[in-house]
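Labels below follow one simple rule: chain letters A, B, ... track the order of the sequence lines, proteins then strands, and each chain is numbered from 1. The analysis underlying the following values was restricted to heavy atoms, covering all of them including side chains, and did not include hydrogens, waters or symmetry mates.
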Protein chains: 2
Amino acid sequence: MMSPLTERFVLHFGEMGSRWGVNRTVGQIYALLFLSAEPLNADEIGEALGFSRSNVSMGLKELQAWRLVRLLHQPGDRREYFETPKDVWEIFRTLTEEKRRREVEPTLSLLRDALLEPAQDDTERHAQARMREMHDLIEMTTGWFDEVHRLSPETLQKLMQLGARVTKLLEMAERLRIGGKEVK
Amino acid sequence: MMSPLTERFVLHFGEMGSRWGVNRTVGQIYALLFLSAEPLNADEIGEALGFSRSNVSMGLKELQAWRLVRLLHQPGDRREYFETPKDVWEIFRTLTEEKRRREVEPTLSLLRDALLEPAQDDTERHAQARMREMHDLIEMTTGWFDEVHRLSPETLQKLMQLGARVTKLLEMAERLRIGGKEVK
DNA sequence: TTATAATTTCAGGAAATACTGAAAATACAG
DNA sequence: CTGTATTTTCAGTATTTCCTGAAATTATAA
């Protein structure tokens, strides 16, 4: 059975799941797999969490769609086993990529379409101006995420540790014209 | 009535709302206010979206709890009017702050507690090691967000435009010992 | 193949969430 | 104050989402 430590974590992620657009089952399955030292099969998961076999099956399918768990086989056992990626940075990256694909991209595409429509009156002109602001903000932040995703974990870590002191670097960059586009 | 442009945007945000932990009503109210050129009162909102007065009232309350809309009064009118902040960067900042307060902080606090417990066996030791990894990742990324939040929109924008070229800057920073802690 | 183990699908019931209208509370003009 | 306009609360209902067990499908060992 689950240790009290694991159980608390699992219950917490069940609740949090709803805020991330997945249900309690999915959150709990993920949490259990994240903590587990070895891969688990669907029966083990169902038993540990008290869910029906079919519920576990659906939950695992969703987690696979999110690329948050991967399927593997144990030698001499024909059941499917599941595990989460080991590297938490990789998990973080996957999560932001999926969020982007599911939420950000559809929104961007709606905004782009809306901005192509000719405005009929002042109200629409104003609405479009607002949409343009949102569009530009989203495009800038996601574009940045895209680039930063490609950095190695170590570089990323350095950047994070740098924090707000990055301001100093930016000033320096301007003076030294490192930003790619030459500064006037 | 809503223009087709506004309507599409509003419906989209209604759907997206659910993914952000708010319901359709709340998402639509926010979207309507975001696009509106002037503040709206609850009756106007309810009529535009086809929601009951009480539903609008609850939705506005929630949006205020998120600090995503603010209340104001029109001279000579005793009804309450609502608007969204104008600056999209400010909106973005508010959103991340609230998300942090509601999701990240409770998780961090759970992890901290769990890490203080003495491990009973290897399984628990492994679980704690995983929790430590998650804890450190979250603490690092949110600590970084905290600092970056304090930057001016202009600085932030420069940082974003820099994107992955930030690597070059980091190398330079190490050479010049700008990172705050002196490099060995 | 065939038999059986394992997984998935899905209709229907259970649970959770959202929404409404009526009533209560609050705010404010006169 | 008093009366009225405005907002909020909340119990009940509608809607949506979740979860299960049985049946169907798929995979694999013999």
Participant: In whole angstrom, what separates A:Arg24's CZ from C:dA14's P?
Facilitator: 17 Å
Participant: Grab the CZ-P distance between A:Phe51 and C:dT8 for me, whole Å please.
Facilitator: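 In whole Å, C:dT8 P lies 17 Å from A:Phe51 CZ.
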Participant: Can you figure out which of C:dT20, D:dT4, C:dT7 approaches the side chain of B:Arg78 most closely?
Facilitator: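 Selected nucleotide (nearest to the side chain): D:dT4.
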Participant: Given C:dC19, D:dT8, C:dA6, which nucleotide is nearest the side-chain atoms of A:Arg79?
Facilitator: C:dA6
Participant: Do A:His135 side-chain atoms and A:Arg112 backbone N/O form a donor-acceptor pair below 3.5 Å?
Facilitator: no
Participant: Go through the steps to decide whether B:Arg125 and B:Asp121 satisfy the test salt bridge (Lys or Arg N to Asp or Glu O under 4.0 Å), and finish with yes or no.
Facilitator: CA-CA 6 Å; B:Arg125 250 183 297 283; B:Asp121 55 28; over 6 Å; no
Participant: On the 0 to 90° scale, with breaks at 30° and 60°, tag the A:Phe34-A:Phe9 ring pair as parallel, tilted or perpendicular.
Facilitator: parallel
Participant: From C-beta outward on B:Asn23, which listed nucleotide comes closest to its side chain: D:dT9, D:dC18, C:dA18?
Facilitator: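 Given the options D:dT9, D:dC18, C:dA18, the side chain of B:Asn23 is closest to C:dA18.
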Participant: May I ask you to evaluate whether A:Ser57 reaches the phosphate of C:dT8, defined as a side-chain N or O under 4.0 Å from OP1 or OP2?
Facilitator: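 So the side-chain polar atoms of A:Ser57 do come within 4.0 Å of the phosphate oxygens OP1 or OP2 of C:dT8, strictly under.
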Participant: Return the value, rounded to whole Å, for the distance between atom CG of A:Leu60 and atom C1' of D:dC19.
Facilitator: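 Atom-to-atom, A:Leu60 to D:dC19, this comes out as 15 Å.
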Participant: Any N or O donor-acceptor pair linking the side chain of B:Ser54 to the base of C:dG21 at under 3.5 Å?
Facilitator: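 Pair found.
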Participant: Closest-nucleotide mapping onto DNA chain D: is B:Met58 or A:Val22 further toward the 5' terminus? I mean the 5' end.
Facilitator: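 Nearer the 5' end of the strand: B:Met58.
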Participant: Assign each of A:Ser18 and A:Asn41 to its nearest nucleotide of DNA chain C by heavy atoms, then name whichever residue's nucleotide is nearer the 5' end.
Facilitator: A:Asn41
Participant: Looking at A:Leu71, is its backbone amide N or carbonyl O close enough to the side chain of A:Glu83 to form a donor-acceptor pair, meaning the two atoms are under 3.5 Å apart?
Facilitator: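 Such a contact is absent between A:Glu83 side chain and A:Leu71 backbone.
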Participant: Which nucleotide in the list C:dT8, D:dC19, C:dC19 gets nearest to the side chain of A:Arg53?
Facilitator: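 The listed nucleotide nearest to A:Arg53's side chain is C:dT8.
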Participant: Take atom CG of B:Asn55 and atom C1' of D:dA14, then tell me their distance rounded to the nearest Å.
Facilitator: 13 Å
Participant: Got a second to check how far B:Met131's CE is from A:Leu35's CG, nearest 0.5 Å?
Facilitator: 4.5 Å
Participant: Whole angstroms only, please: what is the CG-C1' distance between A:Asp77 and D:dA27?
Facilitator: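 Atom CG in A:Asp77 sits about 14 Å away from atom C1' in D:dA27.
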Participant: In whole Å, what is the span from the CD atom of B:Glu15 to the C1' atom of D:dT15?
Facilitator: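 Rounding to the nearest Å, CD of B:Glu15 and C1' of D:dT15 are 14 Å apart.
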Participant: For D:dT7, take OP1 and OP2 only and decide whether either is under 4.0 Å from a side-chain N or O of B:Lys61.
Facilitator: no
Participant: Whole Å only: how far is the CD atom of B:Glu44 from the P atom of D:dT6?
Facilitator: 12 Å
